Amino acid sequence: MHRQATNDSSAATPFGWIDEQSAQRRAAGLVRVLRPRAAESDRLDLAGNDYLGLSRHPEVTEGAAAAARHWGGGATGSRLVTGSTELHAELERELAEFCGFEAALVLSSGYAANLAAVTALAPHGSLIVSDAGNHASLIDGCRLARGATSVVAHADPEAVGKALDTHTGPAVAVTDSVFSVDGDAAPLAQLAAVCREYRAGLIMDDAHGLGVLGAGGRGAAQATGLAGDPDVVATLTLSKSLGSQGGAVLGPAKVIEHLVNTARTFIFDTGLAPAAAGAALAALRLLSREPERAAQARAVAAELHGRLTAAGLQAVRPDAAVVSVRAPSPDEAVQWAADCRAAGLVVGCFRPPSVPDGISRLRLTARATLTGDQIERAVRTIERTAPAGARTA
Ligand code: PMP
């Protein structure tokens, strides 16, 4: 049919089709809105991912400022042209050493790092076995990769083995080390054993593990004895425990060299801003000096979980610093989070389509620097505002 001949109102204007989608979203109570936050506020934040409380640490903000003064406000170009500074090289050396890998590559975000790792390591003819609970950036990596993807049940090494068994040729299993929605850890040791059996690589996204898991926060790979394993690649974000912005891929030097030569989100993207690199490096050095911050974040998470569970709420036992609390419905989750906010407590609210299982949750993040009083205030607020259906029978 000729485009002009249609009477369909959704085709009347180029973006007319959006109206119908928006109406559906509104009707389902799933509209998302941006809420700019003020720099200074007496609200208690249990929604951000600043797990170690470093993003406003004077050494970290000075690391950003000094890097900007020295290197400029931006990287000026892609890493292979003008965007690689000595600061980037230093950050890569220290990240690799801290986490126990041979080499590292820094990218402009964790999202870009995941796209880079998955696409570069899953060539045409290969198989990617991806956990059903993986973060959107890993899912998008699978969508962009030339290899085929098999999505398997959440945290199920046996299912990974079954999928790998059907394939000849290069293969990788891809998983979050700590899942961003429920805060549960992947069975990394079992996954690594299955991968070894089928000679598959393992890519783990350690966005929520760095700074929290392992000795002194050296991450999930270190915690499970997989750091430096030649068949293992870890991806990171610099935006959570390190309080900065950016991402990284860690692995064998030959994998990193391969990424430099083939990963499109590395090659065609402007290099990480010097301020972000400077902040991340300062945070990493701080964490090396103050390794107890990692255990503090885990202890705060355990305390939040224990007290919420004691109050009859359905909180998932945290393996790192994310504590998820189940809500009866998307609407009640939104109202619960709004009631918390009105009482001065900011919590995350996860609901469809961001949750693969359709269960809405409040998502709390433990921060190493939370005081006993702040934990008390947070728990009391969540308890007081909970909808009736949030409590266990
Ligand atoms: N992986 C996971 C598990 C994440 O939670 C996030 C951040 N939400 C990312 C990757 C993306 O990292 P970044 O925000 O640095 O792009």
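Predicted model only: the values in this text are computed from it and were never measured. Start at 1 and go down the list; that is how both ligands and their atoms are numbered.
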Side-chain donor or acceptor of Asp50 paired with backbone N/O of Leu54 under 3.5 Å: yes

More than 12 heavy atoms of other groups within 6.0 Å of Glu257 CD: no

Closest protein heavy atom (residue, atom, distance) for atom 9 (C) of ligand 1: His135 CE1, 3.5 Å

Check: Val106 main-chain N/O paired with Glu92 side-chain donor or acceptor under 3.5 Å: yes

For Gly246, the ligand 1 atoms whose distance to one of its heavy atoms is below 4.0 Å: 15 (O)

N or O contact, Tyr111 vs ligand 1, cut-off under 3.5 Å: yes

Nearest-neighbour protein heavy atom for atom 13 (P) of ligand 1, which is reported as residue plus atom name and distance: Gly110 N, 3.4 Å

Atom indices of ligand 1 within 4.0 angstrom of Asn114 heavy atoms, with elements: 1 (N), 10 (C)

Lys240 touching ligand 1 at heavy-atom level, < 4.0 angstrom: yes

Heavy-atom nearest neighbour of atom 10 (C) of ligand 1 within options Thr237, Leu238, Asp205: Asp205

Note, Ile382 side chain near Trp336 side chain (heavy atom, < 4.5 Å): yes

Arg264 side chain near Ile267 side chain, heavy-atom distance below 4.5 Å: no

Atoms in ligand 1 flagged as close to Asp176, the criterion being non-hydrogen separation under 4.0 Å: 3 (C)

Close approach of Ala113 to ligand 1, heavy atoms, under 4.0 angstrom: no

Atom 14 (O) of ligand 1 [closest protein heavy-atom partner, distance rounded to 0.1 Å]: Ser239 OG, 3.8 Å

Close side-chain approach of His258 to Leu105, heavy-atom, < 4.5 Å: no

Subset of ligand 1 atoms that lie under 4.0 Å from at least one heavy atom of Ala207: 1 (N), 2 (C), 3 (C), 4 (C)

Residues Ser84 and Arg79: side-chain donor-acceptor under 3.5 angstrom: yes

Beyond-backbone contact of Gln296 with Thr369, side-chain heavy atoms, under 4.5 angstrom: no

Polar atom proximity, Val178 to ligand 1 (N or O, under 3.5 Å): no

Close approach of Ser137 to ligand 1, heavy atoms, under 4.0 angstrom: yes

Sub-4.5 Å side-chain heavy-atom contact between Val347 and Val325: no

Atom 5 (O) of ligand 1 [closest protein heavy-atom partner, distance rounded to 0.1 Å]: His208 NE2, 2.7 Å

